[in-house]
Amino acid sequence: MVSQSSTDVLIVGGGPAGLTAALYLGRARKSVVVVDRGQARHAVSQGVHNFLTREGLPPASLREHAWQQMEPYASVSLRSDTVSSIVREGDVWVVSFGDGAEIRTRALLLATGVIDEHPKVEGYAERWGHSIHQCPYCHGWEMRDRQLGVVGSELAVMHMAPLLRGWSPHVSVFTHGEELSDEARSALERAEIPVHTATIRSLDGAGVELANVLLSNDQVVPCEGLFVATPQRQVDFVRGLELEMDDDGFVRVDPFGATSLPMVWAAGDMTSRYHQVIEAAAQGARAAVTINATLTLA
């Protein structure tokens with residue numbers, strides 16, 4: 001037997017964007033279901049940064065506090081599950097789950113984040129979120145004055161390597177086997193930023209700490225922190241929705257978070273490369289205000 005229920009708004013994703021939207025909508029007296037399986041993209045991070053009054057708070061604690069503060073709003077509920085499909089039926093969306101349950105919703109907010117496609121390098125996985133990061137604004141302060149490295153495409157390293165010099169004078173570029181253009185190499189040389197084009201063979205250091213980058217040419221480069229610009233992709237069910245995407249593969253939204261599909265909004269990391277917790281929360285708030293007005297004034 002397939003169980004079925006309905007709600008005003010279904011939010012897929014319980015991170016800063018989704019939970020901020022849930023709070024706004026709960027306070028606006030809308031019924032809300034937040035679908036989240038508890039696998040945060042950056043759960044291993046030691047703390048959230050640049051979020052006023054929440055500086056350094058572990059990501060798991062941020063979510064716990066959010067749900068504690070959501071308790072007065074009985075119209076907001078959490079479903080620990082994974083979405084298997086989303087189908088439009090008339091003027092509602094029908095969201096199906098792995099156990100056969102369905103929820104019909106008037107409005108849908110996607111806040112799933114994205115999936116990082118990390119390089120397959122020995123010693124990388126255990127250091128991700130500890131001594132390997134993506135965002136210098138989020139973790140540059142913690143890595144200040146150390147030996148730092150940047151891994152990514154030419155476009156990424158040409159932006160991030162000089163930027164990191166604001167946190168440390170010791171910055172190197174690792175292209176992981178990719179060649180740079182002569183123009184890029186010259187620019188980095190003028191900035192006195194060393195460039196290593198050999199493939200990264202492995203990383204070593206004590207525990208989750210990083211000490212050295214070992215290259216395929218047997219060179220050992222001292223490095224205490226890596227900042228990586230990894231490719232990213234949307235989660236599978238989002239890719240199947242045929243949403244309009246931008247050239248970088250992010251969901252295209254208008255200034256209020258509306259997507260190309262009717263009554264579907266998106267917020268957070270899935271909409272741009274500007275991956276900041278406070279930015280995701282702001283996008284969730286903006287989308288929630290628009291969703292509430294749309295439902296109330298319809």
Quick one: does any side-chain atom of Ser131 pair with a main-chain N or O of Val208 as donor and acceptor, under 3.5 Å? yes
Flag the pair Thr175 / Glu154 as yes when at least one side-chain heavy-atom distance between them is below 4.5 Å, and no otherwise. no
Non-hydrogen atoms of Ala17 and Ala111 that approach each other most closely: CB-CB, 4.0 Å
Cys138 side chain reached by His133 side chain, heavy atoms, under 4.5 Å: no
Would you give the length of the straight line joining atom CD of Gln68 to atom CZ of Arg63, rounded to the nearest 0.5 angstrom? 14.5 Å
With the side chain counted from C-beta on, respond yes when Gln46 and His139 share a heavy-atom pair under 4.5 Å apart, and no when they do not. no
Please give me the minimum heavy-atom distance between Met270 and Gly113, naming the atom from each residue. CB-O, 3.5 Å
Of the non-hydrogen atoms in Thr7 and Ser31, which two are nearest, and what is the gap between them? OG1-O, 2.9 Å
Over 60° means perpendicular and under 30° means parallel, so tell me whether Trp167 and Tyr137 are parallel, tilted or perpendicular. perpendicular
Closest approach of Leu52 to Ile278 (non-hydrogen atoms, all atoms of both residues): N-CD1, 4.5 Å
Examine distances only and state if a side-chain atom of Arg165 and a backbone atom of Ala191 form a donor-acceptor pair shorter than 3.5 Å. yes
Restricting to side-chain hydrogen bond (donor to acceptor under 3.5 Å, both in side chains), what partner residues turn up for Arg54, sequence neighbours left out? none
Given side chain to side chain contact (heavy atoms under 4.5 Å, CB included), test Val114 with His275 step by step and report yes or no. CA-CA 10 Å; Val114 290; His275 294 175; 4.0 Å; yes
So, for Val173 and Ala161, which heavy atoms are closest and what is the spacing to 0.1 Å? CG2-CB, 3.6 Å
Using a 4.5 Å cut-off on heavy atoms from C-beta on, say whether the side chain of Phe237 contacts that of Leu110. yes
Joint hydrophobic cluster, Met143 plus Ile132, side-chain heavy atoms closer than 4.5 Å: no
Between Trp67 and Val32, is there shared hydrophobic-cluster membership here, with clusters defined by ILVMFWY side-chain heavy atoms closer than 4.5 Å? yes
Rounded to the nearest 0.5 angstrom, the CD1-CG distance for Ile86 and Leu261 is 9.5 Å
Do Pro222 and Val213 have side chains that get closer than 4.5 Å, going by heavy atoms? no
Report yes if some heavy atom in the side chain of Asp81 is under 4.5 Å from a heavy atom in the side chain of Asp99; otherwise report no. yes
Can you list the steps and then say if Asp236 with Arg239 is a salt bridge (charged side-chain N to carboxylate O under 4.0 Å, His left out)? CA-CA 5 Å; Asp236 289 343; Arg239 295 167 71 185; 3.7 Å; yes
Could you measure the distance from the OH atom of Tyr274 to the SG atom of Cys135? Nearest 0.5 Å is fine. 8.0 Å
Can you check whether His118 and Trp128 have ring centres sitting under 6.0 Å from each other? yes
Tell me, do Met263 and Thr105 make a side-chain contact under 4.5 Å, heavy atoms counted? no
Calculate, to the nearest 0.5 Å, the distance between atoms OG and CD belonging to Ser6 and Glu102 respectively. 12.0 Å
Any donor-acceptor N or O pair under 3.5 Å, side chains Asp116, Gln134: yes
Side-chain (Glu179) to main-chain (Thr197) donor-acceptor, under 3.5 angstrom: no
What about Leu241 and Val83, same hydrophobic cluster or not, with Ile/Leu/Val/Met/Phe/Trp/Tyr joined at side-chain heavy-atom distances under 4.5 Å? yes
Nearest 0.5 Å, what's the OH-CD1 distance between Tyr124 and Ile200? 9.5 Å
Roughly how far apart are Tyr73 OH and Arg29 CZ, rounded to 0.5 Å? 12.0 Å
Salt bridge or not between Arg252 and Asp246? Use side-chain N to carboxylate O under 4.0 Å. no
If only atom types and distance count, is the side chain of Arg144 paired as donor or acceptor with the main-chain N or O of Trp141 below 3.5 Å? yes
So, Glu279 and Gln283: side-chain donor and acceptor under 3.5 Å apart, yes or no? yes
Is there a donor-acceptor pair closer than 3.5 Å between any side-chain N or O of Asn217 and the backbone N or O of Gln219? yes
Sorted by chain and residue number, the side-chain hydrogen bond (donor to acceptor under 3.5 Å, both in side chains) partners of Arg201 (sequence neighbours excluded) come out as Asp218
Donor-acceptor contact below 3.5 Å, side chain Arg127 vs main chain Glu209: yes
Given 3.5 Å as the limit, does a donor-acceptor pair link the side chain of Glu224 with the main chain of Gln147, or not? yes
Heavy-atom pair of closest approach, residues Cys223 and Phe174: SG-CE1, 4.4 Å
Is a donor on one side and an acceptor on the other found under 3.5 Å between the side chain of Thr271 and the backbone of Val251? no
Donor-acceptor pair, Ser260 side chain versus Glu244 backbone, under 3.5 Å? yes
Under 3.5 Å: donor-acceptor pair, side chain of Thr259, backbone of Val264: yes
Yes or no on side chain to side chain contact (heavy atoms under 4.5 Å, CB included) for His49 and Glu55, after CA distance, side-chain angles and deciding distance? CA-CA 5 Å; His49 298 292; Glu55 177 61 32; 2.5 Å; yes
